[in-house]
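The block underneath contains the structure these notes are about, expressed in structure tokens.
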Amino acid sequence: TLETLDKGPLEIERAGIEVKKYPLCYATHRTIDGVLDAMAAHRFTFGDVERVEVRTNYRATVPLIYHRPQTGLEAKFSLEYAVTAALHDGAVRLASFEDAAVLRPSVQAFLPQVTFTEGEPPMFPRWAELAIHLRNGHVLNSRIEKLRGSTEYPLSDAELIEKGADCCAFGRSTVSAAALAELCFAVDTLPVARLIQGLASRPA
């Protein structure tokens, strides 16, 4: 009611701010993190992988309707593509969703090797389980519960700068993401004109 306005904390203070780490449907993010974490920990490559099985919490895959995406937009709602792109490129960036990237023959050939199922109710808390089957017979299992970029598990400064650099590169901007980040981190102590100047600056 109107009587309660300005009497409690602001919603932004209560809920916090989330930053999407990857430029596609949120329902894929825990799985992508699991794939990239496994690659970093076990040092395998795309060619080492035979197939990947994913199991998620109940109803988590509802928006993931494209199993054999043919365009970048379709790929944003495809768990098969999310896993394949992470394995193939070692990252999931804006360029991953150009049509040409989606249609790469090696990527399209691997899509059927990614399968997923859902667990039983309830819908929350959210999680993802991975079984990465390597060609040497080893199976790498993991369970991912944290959502990186959420209020509880925010991105590090380095991850934020990496995301900003990807945005600048994809948009063919001449702005230095690292320099701009330094300005943003200190925005409460700098004049607005300094931030505007940073936005217009060219990298060194």
Side-chain angles (χ1 to χ4, degrees), residues 18-57 59-118 126-142 144 147-149 155 159-175 177:
E18 292 190 354
V19 177
K20 288 187 75 172
K21 186 175 183 182
Y22 308 108
L24 73 166
C25 180
Y26 251 140
T28 66
H29 284 214
R30 288 177 177 82
T31 300
I32 294 172
D33 276 337
V35 170
L36 296 178
D37 287 350
M39 294 182 77
H42 299 282
R43 302 297 180 182
F44 62 88
T45 66
F46 177 67
D48 298 323
V49 182
E50 179 182 342
R51 60 190 173 90
V52 179
E53 297 172 341
V54 183
R55 187 168 178 267
T56 71
N57 58 279
R59 304 300 284 168
T61 65
V62 168
L64 305 177
I65 59 176
Y66 294 103
H67 306 297
R68 304 293 180 267
Q70 299 296 299
T71 67
L73 182 57
E74 291 178 354
K76 286 177 177 285
F77 298 93
S78 171
L79 188 59
E80 292 91 343
Y81 182 76
V83 171
T84 302
L87 288 170
H88 193 282
D89 302 328
V92 179
R93 303 186 176 95
L94 286 165
S96 303
F97 300 96
E98 294 185 336
D99 291 352
V102 177
L103 292 174
R104 288 173 290 180
S106 54
V107 168
Q108 288 289 317
F110 193 80
L111 293 176
Q113 304 309 116
V114 181
T115 58
F116 61 85
T117 57
E118 293 182 355
R126 297 185 182 275
W127 49 267
E129 293 177 345
L130 279 175
I132 301 174
H133 296 256
L134 302 182
R135 297 188 186 279
N136 62 11
H138 292 166
V139 181
L140 306 176
N141 295 289
S142 61
I144 307 93
L147 178 63
R148 290 178 181 156
L155 299 184
E159 288 173 316
L160 288 169
I161 292 172
E162 182 181 10
K163 182 176 177 67
D166 182 45
C167 292
C168 289
F170 188 76
R172 297 178 175 81
S173 172
T174 59
V175 172

- Nearest 0.5 Å please: distance from the OH atom of Y22 over to the NZ atom of K163.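 Rounded to the nearest 0.5 Å, the OH-NZ separation comes out at 10.0 Å.
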
- Item | E118 CD to L64 CG distance, which is reported to the nearest 0.5 Å |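 Atom-to-atom, E118:CD and L64:CG are 9.0 Å apart.
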
Does [X] reach the side chain of [Y], with side-chain heavy atoms less than 4.5 Å apart?
X	Y	result
I144	D37	no
P112	R68	yes
R126	L147	no
L103	Q70	yes

Indicate the atoms forming the closest heavy-atom contact of [X] with [Y], along with that distance.
X	Y	result
P23	V92	CD-O, 3.8 Å
I132	A38	CD1-CB, 3.8 Å
A91	L36	N-CD2, 4.0 Å
L130	V54	CD2-CG2, 3.6 Å
L94	D166	N-OD2, 3.1 Å
A27	P63	CB-CG, 4.2 Å

Contacts of [X] that satisfy side chain to side chain contact (heavy atoms under 4.5 Å, CB included) - sequence neighbours left out:
X	answer
R55	T117, W127, E129
A177	A165, C168
H133	R51, E53, A131, V139

- Let me see the working for T31 and V52 under side-chain contact (heavy atoms from CB on, under 4.5 Å), right down to the final yes or no. CA-CA 11 Å; T31 300; V52 179; over 6 Å; no

- Item | side-chain hydrogen bond (donor to acceptor under 3.5 Å, both in side chains) involving H42 - partner list, sequence neighbours excluded |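 Not a single residue meets the side-chain hydrogen bond (donor to acceptor under 3.5 Å, both in side chains) criterion with H42.
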
- Message: Applying side-chain hydrogen bond (donor to acceptor under 3.5 Å, both in side chains), can you list everything that pairs with Q113, at least two apart in sequence or on another chain?
- Response: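 Once residues adjacent in sequence are excluded, Q113 has no partner under the side-chain hydrogen bond (donor to acceptor under 3.5 Å, both in side chains) criterion.
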
[Y] backbone acceptor or donor facing [X] side chain under 3.5 Å:
X	Y	answer
Q108	P69	yes
K20	L24	yes
T71	E74	yes

- Item | Listed once per pair and sorted, the side-chain hydrogen bond (donor to acceptor under 3.5 Å, both in side chains) pairs that draw on residues 89-102, sequence neighbours left out |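 Qualifying pairs: D89-R104.
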
Go through the structure and list residues passing ring pair (Phe, Tyr, Trp, His ring centres under 6.0 Å) with [X], not counting sequence neighbours.
X	value
F77	none
Y26	H29
H67	F116
F110	F46

- Query: How would you list, by chain and number, every residue that makes a salt bridge (charged side-chain N to carboxylate O under 4.0 Å, His left out) with D48, sequence neighbours excluded?
  - Reply: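 In terms of salt bridge (charged side-chain N to carboxylate O under 4.0 Å, His left out), with neighbours along the sequence ignored, D48 is linked to no residue.
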
- Considering residues at least two apart in sequence or located in another chain, which fulfil the salt bridge (charged side-chain N to carboxylate O under 4.0 Å, His left out) criterion with K21?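 K21: salt bridge (charged side-chain N to carboxylate O under 4.0 Å, His left out) contacts with D33, E159.
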
- Knowing that exactly one of V114, L140, L134 qualifies, which makes a side chain to side chain contact (heavy atoms under 4.5 Å, CB included) with V49?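 That would be L134; it is the only one of V114, L140, L134 passing the side chain to side chain contact (heavy atoms under 4.5 Å, CB included) with V49.
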
